[in-house]
Number of protein chains: 2
Amino acid sequence: MASFSNDQLLQEIKSCEDLLTDRIADNMETFGVSSTVGRLLGIIYMNREAMTLDSLADETGMSKTRMSQVMRQMISLNIAEKEYVKGSRKDHYNVERDYAQTFISLFTSNWSEVVKRNTSLERRLREQIRHLETFLTEDSSEDVKVRMERLQQELDEWNAYYNWIDNLVAFFESGEIFNHVPIVSSEQEGGSTK
Amino acid sequence: MASFSNDQLLQEIKSCEDLLTDRIADNMETFGVSSTVGRLLGIIYMNREAMTLDSLADETGMSKTRMSQVMRQMISLNIAEKEYVKGSRKDHYNVERDYAQTFISLFTSNWSEVVKRNTSLERRLREQIRHLETFLTEDSSEDVKVRMERLQQELDEWNAYYNWIDNLVAFFESGEIFNHVPIVSSEQEGGSTK
DNA sequence: AAATCTGTGCAATTTAAACTTTACAAAGTA
DNA sequence: TACTTTGTAAAGTTTAAATTGCACAGATTT
C-alpha cells in the first residue's frame with residue numbers, strides 16, 4: 001500500500017492518542033463525574049506538561065469558563081493542581097500522572113463524602129429513636145414495638161456497613177491495597193524498570 | 001411535652017425509615033446510577049419482602065413504566081431479582097439484602113465493563129502501532145520516533161493499570177477483601193450474632 | 001372468543017446537567 | 001490613570017437524562 005509521509009505518521013499517532021483520551025473520558029464517567037473531567041485529564045496527561053485554561057479551551061473547543069469550572073472540580077477531587085510557571089500570568093494546571101493514584105483519589109473523594117453524610121444521619125436517627133422510645137408504654141401496639149426494634153437493627157447494620165466503607169477508603173488511601181493487589185507492569189521488551 | 005398516640009409513633013417510625021431510604025437513594029448516585037435505583041432498592045429493602053411494579057409505582061408516585069425500566073437495570077446490575085410468588089400473576093422483585101454485597105455487585109458491574117472496553121481498545125491500538133511501525137524509515141523525523149515510542153509506553157502503562165483494576169474486581173468479587181477489611185458489626189446491646 | 005391484566009417498546013415531555021455568554025473584579029501593564 | 005489580561009460569578013441556553021403516556025403483545029381468566 002501507499003507509504004506514509006512524516007506528517008501523515010504524526011497525524012496517525014495523534015489520532016491514536018485521541019482515542020486514548022476519548023476512552024479516559026468515557027471511563028471517568030464510572031466515577032460519577034462528567035466525561036469532560038476525564039477529557040481534560042486525558043488531554044493534560046498526554047500533553048505531558050501543565051496547561052492553561054486557554055490552551056484547554058483551544059484543545060477541546062469548549063469555553064474557557066467551562067474549563068475553569070472543570071479544573072476547579074478536578075482540584076477538589078485531588079486529581080489536578082495548579083502549578084506555578086514563572087513569567088506567566090496564567091494559571092497552569094497539571095494532573096496526577098499515576099493512574100492508580102488517580103483511581104484512589106477519586107474513590108476516596110467520593111466515598112469519604114458518603115461516609116460523612118451517613119454518619120451525621122445516623123447520629124440524628126439514633127437520637128430520634130431514643131426520643132421516641134420514651135413514649136413507648138405497655139399499651140403501645142406490638143407493631144410499634146417491632147418496628148422500633150427493627151429500626152434499631154437497621155441502624156446497626158448501617159453502622160457496620162459505613163464503617164466498612166470507611167476502612168475500605170483507608171485501605172486504599174494508605175496504599176495497603178497494593179500489598180494485596182499489586183500493580184504488575186507488563187513485560188514488554190525495553191520496559192522501563194522504575 | 002405531649003405524648004404520642006400509637007398511630008403517631010408509627011408515623012414517626014415511618015418517617016425515619018424514609019430518611020434512610022432517601023439516603024440510600026443519594027448514596028447510590030456515587031455508583032453512577034440514577035437515584036431512583038437507590039430509592040427502589042431502599043423501598044424494597046425496608047419492605048422486607050418482594051414487591052410488584054404496581055406497589056413500587058404506588059410507593060414512589062412514579063409511573064409503572066419507569067419502575068419496569070429501573071428494575072430491569074437493577075437486575076442487570078445484579079442487585080435485584082425476580083421472585084416467583086405462587087398465585088400471583090405479577091412479577092415480584094426482591095433485592096440483595098447485604099449492603100456490602102450490593103457494594104461489590106455494583107463495583108464489579110461497573111469496572112468489569114470498563115476493563116472490557118479498555119482491553120479491546122488496547123488490542124486495536126497495538127495493532128495500529130505495529131502497522132505504523134512498518135512505515136518508519138531512517139529519514140523519519142526524530143519527533144515521530146519519539147512520539148511512537150511514547151505511545152508504546154503509554155499502552156504499557158494502560159495495560160498495567162487495567163490489569164490492576166481487573167485484579168481489584170476479582171479481589172472484591174471473591175470476597176477476599178473481607179479477609180483484609182472485615183466487616184465488624186457494632187457492639188449494640190442485644191446485637192444479633194449471626 | 002371476548003375481556004382483563006401485566007410488562008414493556010416507543011415517542012413525547014419534563015427535569016436536571018452540561019455548557020456558553022456576558023459581565024465584572026482583581027491584578028498586572030503602559 | 002487608563003488599558004489589558006485573567007479567572008470566575010451569574011444567568012441564560014443547549015443537550016442529555018429521567019420520566020411519563022400511550023399503545024400493544026402475550027398470557028390469563030370468564
Side-chain angles (χ1 to χ4, degrees), chain A residues 21-22 24-44 50-77 80-95 106 110 113, chain B residues 21-22 24-44 50-77 80-95 106 110 113:
Chain A
T21 303
D22 287 350
I24 292 179
D26 267 13
N27 292 347
M28 204 56 73
E29 295 199 44
T30 306
F31 287 112
V33 297
S34 153
S35 72
T36 306
V37 169
R39 171 146 284 115
L40 296 201
L41 179 68
I43 288 173
I44 299 176
M51 292 176 75
T52 66
L53 293 181
D54 284 314
S55 56
L56 286 171
D58 201 44
E59 188 78 24
T60 57
M62 287 182 185
S63 71
K64 191 162 72 152
T65 297
R66 182 62 182 144
M67 299 302 98
S68 170
Q69 294 167 339
V70 171
M71 288 316 304
R72 185 144 34 129
Q73 184 183 356
M74 289 174 73
I75 286 173
S76 88
L77 287 169
E81 55 187 10
K82 288 192 189 181
E83 200 169 80
Y84 177 70
V85 173
K86 83 166 183 181
S88 173
R89 268 161 73 183
K90 305 190 187 209
D91 289 348
H92 288 244
Y93 296 90
N94 216 333
V95 295
L106 289 170
N110 284 337
E113 186 54 35
Chain B
T21 302
D22 288 350
I24 292 179
D26 267 13
N27 292 348
M28 204 57 70
E29 295 199 44
T30 306
F31 288 110
V33 297
S34 153
S35 73
T36 307
V37 169
R39 172 146 283 114
L40 296 201
L41 179 68
I43 288 174
I44 299 177
M51 292 176 75
T52 66
L53 293 180
D54 284 313
S55 55
L56 286 170
D58 200 45
E59 189 77 26
T60 58
M62 288 183 185
S63 70
K64 192 162 70 153
T65 298
R66 182 63 181 144
M67 299 302 96
S68 170
Q69 295 166 339
V70 171
M71 287 316 303
R72 184 143 36 129
Q73 184 183 357
M74 288 174 74
I75 286 173
S76 88
L77 288 169
E81 54 187 11
K82 289 192 188 180
E83 200 170 80
Y84 177 70
V85 172
K86 82 167 182 180
S88 172
R89 269 160 73 181
K90 305 189 187 209
D91 289 348
H92 288 245
Y93 297 90
N94 216 335
V95 295
L106 290 169
N110 284 337
E113 187 54 35

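Excluded from the calculations below are hydrogen atoms, water molecules and symmetry mates; all remaining heavy atoms, backbone and side chain alike, are included. A, B, ... follow the sequence lines: proteins, then strands. Residue 1 opens every chain. In this text the structure is predicted, and so the values were computed from the model without any measurement.
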Starting at atom CG of A:L56, determine the distance to atom C1' of C:dC19, rounded to an integer number of angstrom.
15 Å
Side-chain N,O (A:S34) to OP1/OP2 (C:dC19) below 4.0 Å:
yes
Between P on C:dT8 and CZ on B:R66, what's the gap in Å once rounded to a whole number?
14 Å
Taking CD in A:E81 as the centre, count heavy atoms belonging to other residues, nucleotides or ligands within less than 6.0 Å. Is the count above 12?
no
Please report the distance, rounded to the nearest Å, between NE2 in A:H92 and C1' in D:dG7.
13 Å
May I ask you to say what B:T65 touches in the nucleic acid, namely base, sugar-phosphate or nothing, with a heavy-atom cut-off under 4.0 Å?
base
Between CE of A:M67 and OG1 of A:T60, what distance do you get to the nearest 0.5 Å?
3.5 Å
Establish, with yes or no, whether the OP1 or OP2 oxygen of C:dT8 is under 4.0 angstrom from a side-chain nitrogen or oxygen of B:S68.
yes
Could you check how far CG of A:D54 sits from P of D:dG7, rounded to whole Å?
7 Å
Between B:M62 and A:D91, who's closer to the 5' end of DNA chain D by nearest nucleotide?
A:D91
Just how far, in rounded Å, is C1' of D:dG7 from CE of A:M71?
13 Å
Pick base, sugar-phosphate or nothing for B:T52, based on heavy-atom distances below 4.0 Å to the nucleic acid.
nothing
Nearest-Å distance for atom pair NZ/P, residues A:K82 and D:dT6
14 Å
What's the NZ-C1' distance between A:K64 and C:dT20, to the nearest Å?
14 Å
Do A:R89 and D:dT5 have a side chain to base donor-acceptor pair shorter than 3.5 Å?
yes
Starting from P on C:dT20, measure out to CG on A:D58 and report it in whole angstrom.
13 Å
OP1 or OP2 of C:dG9 less than 4.0 angstrom from a side-chain nitrogen or oxygen of B:R72, does that happen here?
yes
Determine whether B:N110 and B:V33 make a side-chain contact, defined as any pair of heavy atoms from C-beta on separated by less than 4.5 Å.
no
CD1/B:I44 to NE2/B:H92 distance, rounded to the nearest 0.5 angstrom?
11.5 Å
With side-chain contact (heavy atoms from CB on, under 4.5 Å) as the test, pick out the partner of B:L40 among B:V70, B:V95, B:T21, B:I24.
B:V70
Which residue, B:Q69 or B:L53, contacts DNA chain C at a nucleotide closer to its 5' end, judged by nearest heavy atom?
B:L53
